[in-house]
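Worksheet for the structure shown next.
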Amino acid sequence: MLADEGERRTQAGTLDSEVHLPGEWMNALIGFIESVLPSWRDDPRRPAQTGEDALTAQLCAKLASASRHTPGWDFLQFRREEPDTADGRRAIDLAVAPSGSVIWIEGREYTEYQTLLPIECKRLPTPTGHKRDEREYLYSRFSTTGGVQRFKAGHHGSSHDRAAMIAYVQERDIPSWAVQLDDWIDGLESDAVEGWSAADKLSLLEYDSPSRVAGLTSAHTRSSALGGIRLDHLWIEM
C-alpha cells in the first residue's frame with residue numbers, strides 16, 4: 001500500500017490489517033495526544049489527583065477512549081507501565097502501540113506487541129523528598145530516575161529514535177519552566193556532567209495560553225551504537 005493511500009484510509013478511520021505510513025506521521029500522533037490533554041484535565045468527571053502515577057493512569061484511560069472514538073486514530077492503543085522493548089526490567093510510563101493492525105513506518109514493522117512511541121511522564125516541580133533532585137525532569141544526581149537522562153543513556157527507548165515526555169505543570173507557568181530547564185542544562189554543562197551540553201536544551205515550539213498547553217522538542221546524542229534521539233515534550237498546566 002502506498003503511503004498516501006495509507007494516510008487516506010487512516011484519516012477515514014478504516015484500516016487494512018497492514019498499512020504503511022510515512023515517518024512524519026509521528027508528528028500527527030504527537031498532535032493527537034496534545035489535543036486530548038486539555039479535555040482530560042478539564043473533564044468534570046475526572047477525580048482530582050496530584051500524584052504522577054494516578055495522573056498518568058487517568059491520562060492513559062482518556063487517550064484510550066479518545067483514540068477508540070476518533071476516526072483515524074482507532075487503530076491505536078495506549079498502555080501503562082509497559083516493559084521497555086530493549087530492557088524488560090524497565091517500564092515505560094505510557095506506550096502507544098497498534099491495535100489489531102500491523103503498521104510500517106520507514107521500513108520498520110510494528111504490531112500490537114511493539115511500542116510505536118514510548119512516553120515518560122513527570123511532574124513540575126519535582127516533589128520534595130529524600131534523594132529527590134529538583135532537576136528530575138532532566139537528570140538526577142541520586143539515581144537513574146532523570147527523565148531525559150533515561151533516554152540519553154538508552155535506559156528507555158534504546159530501540160527508538162523518537163520518544164516523548166509529558167509534564168504535569170503543578171506550579172508556575174510553562175514559559176517560566178522552559179527558562180528554568182535551560183538554566184539547569186547550563187549548570188549541568190558547567191559542572192561537566194558527562195554527556196550534557198547546551199545542545200540538550202529544549203526548544204519551545206508553541207504555547208497556547210487559553211488551553212495552557214505547550215509543545216517543545218529536543219535532540220540528544222547517545223552512544224554511537226544507538227544514535228541520536230528526538231524527544232517531543234508536551235506540557236500541560238494543571
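Quick note: numbers below take in every heavy atom, side chains included, and nothing from hydrogens, waters or symmetry partners. In this text the structure is predicted, and so the values were computed from the model without any measurement. Throughout, numbering of the chain's residues begins at 1 and tracks the sequence.
- One hydrophobic cluster, built from ILVMFWY side chains closer than 4.5 Å, cannot hold both Leu116 and Leu231; they sit in different ones.
- Criterion: ILVMFWY side-chain heavy atoms under 4.5 Å apart, direct or through other members. Under it, Ile236 and Leu117 are part of a common hydrophobic cluster.
- The shortest side-chain heavy-atom distance between Thr70 and Phe32 falls under the 4.5 Å cut-off.
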Check against side chain to side chain contact (heavy atoms under 4.5 Å, CB included), Met165 and Tyr137: CA-CA 9 Å; Met165 293 187 64; Tyr137 186 92; 3.4 Å; yes
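- Here CZ of Arg46 is found 8.5 Å from CZ of Arg41. Values are rounded to the nearest 0.5 Å.
- Annotation for Tyr113: hydrophobic cluster partners, listed by chain and number, are none (ILVMFWY side-chain heavy atoms under 4.5 Å, direct or chained).
- No side-chain heavy atom of Leu21 sits less than 4.5 Å from a side-chain heavy atom of Met26.
- Distance check, rounded to the nearest 0.5 Å: CD of Glu52 to CD1 of Ile166 gives 10.5 Å.
- Remark: the backbone N or O of Gln114 is not paired with any side-chain donor or acceptor of Glu109 at under 3.5 angstrom.
- When all heavy atoms of Ile105 and Pro22 are compared, the closest pair comes out as CG2-O, 4.0 Å.
- When atom types are taken as modelled, the side chain of Arg150 and the backbone of Thr144 share a donor-acceptor pair closer than 3.5 angstrom.
- Atoms CD and CZ, on Glu136 and Arg141 in that order, are 10.0 Å from each other to the nearest 0.5 Å.
- Contact annotation: the side chain of Thr145 never approaches that of Arg132 to less than 4.5 Å [non-hydrogen atoms, C-beta and beyond].
- Looking at residues two or more places apart in sequence or on another chain, you find a side-chain contact (heavy atoms from CB on, under 4.5 Å) between Leu188 and Arg135, Tyr139, Val193, Trp196.
- Of the possible polar contacts, one joining the Asp200 side chain to the Ser197 backbone as a donor-acceptor pair under 3.5 Å is found.
- Under the 4.5 Å side-chain heavy-atom criterion for ILVMFWY residues, no single connected hydrophobic cluster contains both Leu37 and Leu216.
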Please list, one pair per line, the donor and acceptor atoms closer than 3.5 Å that link side chains of residues 59-69 to other protein atoms, with sequence neighbours excluded.
from: Ser67; atom 1: OG; to: Leu63; atom 2: O; distance (Å): 3.1
from: Ser67; atom 1: OG; to: Ala64; atom 2: O; distance (Å): 3.0

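- Using a 4.5 Å heavy-atom threshold, the side chains of Leu29 and Trp73 count as touching.
- Minimum heavy-atom separation, Leu202 to Asp182: O-OD1, 4.1 Å.
- A ring-centre distance under 6.0 Å is not found for Trp25 and Trp104.
- For the atom pair OG1 (Thr221) and CD1 (Ile229), the distance works out to 11.0 Å, reported to the nearest 0.5 Å.
- In this structure Tyr168 satisfies the ring-ring contact (aromatic ring centres under 6.0 Å, His included) test together with Trp40, sequence neighbours excluded.
- In the hydrophobic cluster analysis, where Ile, Leu, Val, Met, Phe, Trp and Tyr join through side-chain heavy atoms closer than 4.5 angstrom, Ile30 is grouped apart from Tyr207.
- Rounded to the nearest 0.5 Å, atoms OG1 (Thr56) and CG (Leu94) are 6.0 Å apart.
- Although no hydrogens or angles enter the test, the distance criterion places no donor-acceptor pair under 3.5 Å between the side chain of His156 and the main chain of Ala163.
- Of all the heavy atoms in Glu112 and Gly100, the pair that sits closest is OE1-N, 3.6 Å.
- Under a 3.5 Å cut-off, the side chain of Ser101 and the backbone N or O of Pro98 do not form any donor-acceptor pair.
- Considering all non-hydrogen atoms of both residues, Pro175 and Glu237 come closest at CD-OE2, 4.4 Å.
- Residue Leu226 belongs to no hydrophobic cluster, having no ILVMFWY side-chain heavy atom closer than 4.5 Å to its own.
- Counting only residues at least two apart or in different chains, ring-ring contact (aromatic ring centres under 6.0 Å, His included) contacts with residues 209-228 are absent.
- Going from atom CD of Glu134 over to atom OG1 of Thr128 covers 11.0 Å, rounded to the nearest 0.5 Å.
- Residue Leu205 belongs to no hydrophobic cluster, having no ILVMFWY side-chain heavy atom closer than 4.5 Å to its own.
- Lys131 has its side chain out of reach of Ser143: every pair of non-hydrogen atoms, C-beta onward, lies at least 4.5 Å apart.
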Derivation and outcome, side chain to side chain contact (heavy atoms under 4.5 Å, CB included), residues Arg108 and Ser159: CA-CA 11 Å; Arg108 180 174 175 179; Ser159 61; 3.8 Å; yes
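- Using cut-offs of 30° and 60° on the angle between ring planes, the pair Trp235 and His233 is perpendicular.
- Listed by chain and residue number, Pro210, Ser211 satisfy the side-chain contact (heavy atoms from CB on, under 4.5 Å) test with Asp208 (two or more places apart in sequence, or in another chain).
- Residues satisfying the side-chain contact (heavy atoms from CB on, under 4.5 Å) criterion with Asn27, sequence neighbours excluded, are Glu24, Arg162, Arg230.
- Partners of Arg79 under the salt bridge (Lys or Arg N to Asp or Glu O under 4.0 Å) rule, at least two apart in sequence or in another chain, are Glu82.
- When all heavy atoms of Leu138 and Ile185 are compared, the pair lying nearest together is CD1-CG1, 3.7 Å.
- Among residues two or more places apart in sequence or in another chain, the salt bridge (Lys or Arg N to Asp or Glu O under 4.0 Å) test is passed with Asp161 by none.
- Within the 4.5 Å cutoff, the side chain of Leu124 has no heavy atoms near those of the Gln180 side chain.
- With hydrophobic clusters built from ILVMFWY side chains whose heavy atoms lie under 4.5 angstrom apart, Val213 shares a cluster with Phe78.
- With respect to Trp177, the side-chain contact (heavy atoms from CB on, under 4.5 Å) criterion is satisfied by exactly one of Ile174, Leu181, Asp173, Val179: Leu181.
- Counting heavy atoms from C-beta outward, Thr115 and Ile92 have side chains that stay 4.5 Å or more apart.
- Every residue meeting the side-chain contact (heavy atoms from CB on, under 4.5 Å) condition with Glu171, not counting sequence neighbours, appears here in chain and number order: Pro125.
- With Arg123 contributing its side chain and Gly51 its backbone, the two residues share no donor-acceptor pair below 3.5 Å.
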